[in-house]
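See below for the structure under consideration.
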Amino acid sequence: MRYLFTFILSLYFVSNIFGQSSPGLKISHLTGDFYIFTSYNSYKGTITPANGMYVVTNDGVMMIDAPWDTSQFQPLLDSIKVKHNKTVKIEIATHSHEDRAGGLDFLKNSGAKTFTTDQTDKILKESNKKRAEFTFKRDTTISLGQYELQTYYAGEGHTKDNIVVWFEKEKVLYGGCLVKSTDAKDLGNTQEANLTQWVKTINKIKQKFPNPSFVITGHQNWDHVDALDHTLNLLTNSMQ
Ligand SMILES: [Zn+2]
């Protein structure tokens, strides 16, 4: 196992919701001040993992997306407090789905500044979902402490509004649900997907960020940098 430590913070057996036990919340070290958190929810009757990321800075924590399992919002904040003695100052959601934007209101109420694109905000508003406090129109950068993230909208794919997040210095590409894990056998939830455009979108990302050290996927294992190519393969296969 490549990462330094993996531990299960809390073991919840929510059999009444899932019909099977959920592993709760897992936090894994990525590199330096970067951590991946994984929570679980039921998708088509199967317990499915969803990944998010946080970065510990001198001025608090930046979070990309939030746990899919809403019962893990507070345990995640608690564990960040215990482990790093920091609070979350910034949270950005990478598209409008529950596994990304579901924590916006909770994080806002906990004191974080929350962000989405205007496009994601519009979708959340139209579907009567909780929205971020702040929005941005074009690609932007957000800084906290010694770290700066860069957002990039390369076009439609998994959804109309999916963006990726890039940390230039550390070459960390957070792909979210736009990028499929090398463990993924199919494209997952494609209800709002645009398969033809998705190919172009992935190629644009590959061009813009040619040598990522890490590529973080929205679901399943995230420890293969060739996840972008795997996504292209899945797309090609699905369109044959
Ligand atoms: Zn997803």
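Whatever order the structure lists ligands and atoms in, that order sets their numbers, starting from 1.
- For the pairing with Tyr174, the side chain to side chain donor-acceptor pair (under 3.5 Å) check across Asp65, Asn51, Thr94 returns one residue only, Asp65.
- Relative to the six-membered ring of Tyr152, Lys208 meets both conditions, a distance below 6.0 Å and an angle of at most 45° to the axis.
- The set of protein atoms (N, O or S) found at less than 2.8 Å from the Zn ion (ligand 1) reads Asp99 OD2, Cys177 SG, His219 NE2, by chain and number.
- In this structure, Tyr40 has its ring center no closer than 6.0 Å to that of His219.
- Proximity of Leu77 to Phe106: side-chain heavy atoms (C-beta onward) are separated by under 4.5 Å at one or more points.
- Using modelled atom types, one finds a donor on one side chain and an acceptor on the other under 3.5 Å when comparing Asp78 with Gln74.
- Taking the six-membered ring for Trp and the full ring otherwise, the centers of Phe214 and Phe34 sit at least 6.0 Å from each other.
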